[in-house]
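Remarks on the structure that follows.
Counting starts at 1 for both ligands and their atoms, in listed order. Just so it is clear, the values below take in all heavy atoms, side chains as well, and ignore hydrogens, waters and symmetry mates. Numbering of residues begins at 1 and proceeds along the displayed sequence.
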Amino acid sequence: MNIPEPVKRILKALEEHGHEAHCVGGCVRDSLLGREPGDWDVATSALPEETMALFSGRAAPTGLRHGTVTVREGGLSVEVTTFRTDGKYTDRRRPDTVAFTRSLRDDLSRRDFTVNAMGMDLRGTLTDPFGGREDLRNKLLRCVGLPEERFQEDALRILRGLRLAAVLDFSVEEETARALRACRKLLCDVAAERIQIELTKLLCGPAAAEVLREFPEVAGTVVPELLPMVGFDQHSRYHCYDVWEHTLHALSEVPAEPILRWAVLLHDVAKPRCYTRDERGGHFYGHPTVSAEMTDAILRRLKFDNATREAVVTLVLWHDREIPRTEKSIRRALRKLGAERLRQLTEVKRADNLGQAPAYRARLKDVEQIQRMMEDLLARDECVSLRQLAVNGQDMLALGLRGSEIGAALEELLSAVVDGDLPNQRSALLHAAEGRADRQKETKHQNF
Ligand code: ATP
Ligand code: MG
């Protein structure tokens, strides 16, 4: 394992002062897997004030109550935490008390999963009291201790478990899986922000679809709207899967970006509500609009920021809209959505298509053609926004337009350019706008 030099210097300094010091948790797990750890955490027998004194000037007491000191070393910020055990959990979130201990093993035993409960010291010696190494080899996620007890202490671990399984592409050990399901209702007490963070990481994991397929009832505890999708037969020749299976297939096809994954997860969420059936089969009239409304409600409940929520809602609303493969209609879509959102929409459409019955996947070519035409238009810097229009508000003012007339005139000119009825040339646009200004003067005179 390659511990970075700055982290090694921290471990070394602690050892030289007679303390024990080990890298612990996610960084040990990730580096044994050959993955780049997100951050390096150190656990030590030194008390927080001893760590503070040892690294004085470069240490900040970031979580003293939990024994955490952040040490800056060689451009890295490393959290150095005193070995501790957690007291009772009465609120199922935070231990009531934490107690410092001189034993690494005690510290490791409070951690959630065996693969997260290993320590490694300066010389690369592994401390692995719960068989984490073996579970890593077998790609197994297993609780440290009794799964039900551990989930009752802290229900967030239920989602952390699914998230880690999705991100690492691990299976969940049987007892742990049973307890995940049995304890799922405890998630109702977990803060929405925490759920949002874990669910988003889960959705962006390479095995997200597999995990959701195996644990729909757990996902359905935090987003109950998902449950009616499971097993919902579409009675449609376009679909060889039920709504949930279609969603999971589409999910694996879309790039692993939060906005795209959320949009695909929720694009058909209203299908069960919108279902009707006639002699031709099942229909879901209006489902994008209702799905968009439900998406908005779900993402608000999970406390998403406005920008993410609005982006996802737009993609859900548009996912089923036909975009004719003409430059004019693509320019119109670019004007309405902007380049970033339209690019995302084509990714959602592509994935949606790949989740349908094989015979209908031929429409994939249409989506790819739209993608090519869009990139062409963008590369040519064709005018699709007011910013790109060859005239501006000043020009309209000079023509005698005032107030809201200015904006209206610019929008009208932009429409004409986007539709190909006017070239984006200053003289042509000014000429067209003059006509509008004259007409407006006339109507004003008539009013007098
Ligand atoms: P990531 O890759 O997201 O950083 P991580 O496993 O490192 O994953 P952190 O939140 O950084 O997650 O936590 C660091 C370590 O602390 C974990 O590896 C685990 O040992 C322990 N831990 C974190 N959250 C919990 C929890 N809710 N219950 C028990 N142990 C936890
Ligand atoms: Mg971490």
- Message: As an exercise, identify every atom of ligand 1 less than 4.0 angstrom from a heavy atom of Asn116.
- Response: 6 (O), 18 (O), 19 (C), 20 (O)
I'd like a table of donor-acceptor pairs (distance under 3.5 Å, sequence neighbours excluded) in which one partner is a side-chain atom from residues 293-300, with atom names and distances.
from   : atom 1 : to     : atom 2 : distance (Å)
Thr295 : OG1    : Ser291 : O      : 2.7
Asp296 : OD1    : Arg309 : NH1    : 2.9
Asp296 : OD2    : Arg300 : NE     : 2.8

- Note on the structure: To atom 8 (O) of ligand 1, the nearest of Arg160, Glu198, Glu79, Arg29 on a heavy-atom basis is Arg29
- Note on the structure: Output for pair (Cys23 SG, Leu126 CG), nearest 0.5 Å, gives 11.0 Å
- Which is closest to atom 26 (C) of ligand 1 by heavy-atom distance: Arg150, Arg35, Arg157? Arg157
- Query: Non-hydrogen atoms of Arg163 versus ligand 1: any pair closer than 4.0 Å?
  - Reply: yes
- Query: Where the side chain of His249 meets the backbone of His246, is there a donor-acceptor pair that is under 3.5 Å apart?
  - Reply: no
- Task: Please determine if Asp41 has a nitrogen or oxygen closer than 3.5 Å to a nitrogen or oxygen of ligand 1.
- Result: no
- The atom name of the N, O or S atom in Asp39 nearest to the Mg ion (ligand 2) is OD1
- Does Gly26 reach ligand 1 with a nitrogen or oxygen that is under 3.5 Å from one of the ligand's nitrogen or oxygen atoms? yes
- Identify, by atom number and element, the atoms of ligand 1 in contact range of Lys201, meaning under 4.0 Å from any of its heavy atoms. 3 (O)
- Message: Side chain, backbone, both or neither: which applies to Asp154 and ligand 1 if a contact is any heavy-atom pair less than 4.0 Å apart?
- Response: side chain
Please set out all donor-acceptor pairs under 3.5 angstrom arising from side-chain atoms of residues 67-76, sequence neighbours excluded.
from  : atom 1 : to    : atom 2 : distance (Å)
Thr68 : OG1    : Thr81 : OG1    : 3.1
Thr70 : OG1    : Thr62 : OG1    : 2.6
Arg72 : NH1    : Ser77 : OG     : 2.7
Glu73 : OE1    : Arg58 : NH1    : 2.3
Glu73 : OE2    : Arg9  : NE     : 2.7
Glu73 : OE2    : Arg9  : NH2    : 3.3

- Message: Does either side chain, that of Thr176 or that of Arg150, offer a donor lying less than 3.5 Å from an acceptor on the other one?
- Response: no
- Does a donor on one side chain and an acceptor on the other come within less than 3.5 Å for Arg350 and Gln371? no
- Which one holds for Arg110 and ligand 1: side chain close, backbone close, both close, or neither close, with close meaning a heavy atom under 4.0 Å? backbone
- Query: Judged by atom type as modelled, is there a donor-acceptor pair below 3.5 Å linking the side chain of Glu173 to the main-chain atoms of Glu175?
  - Reply: yes
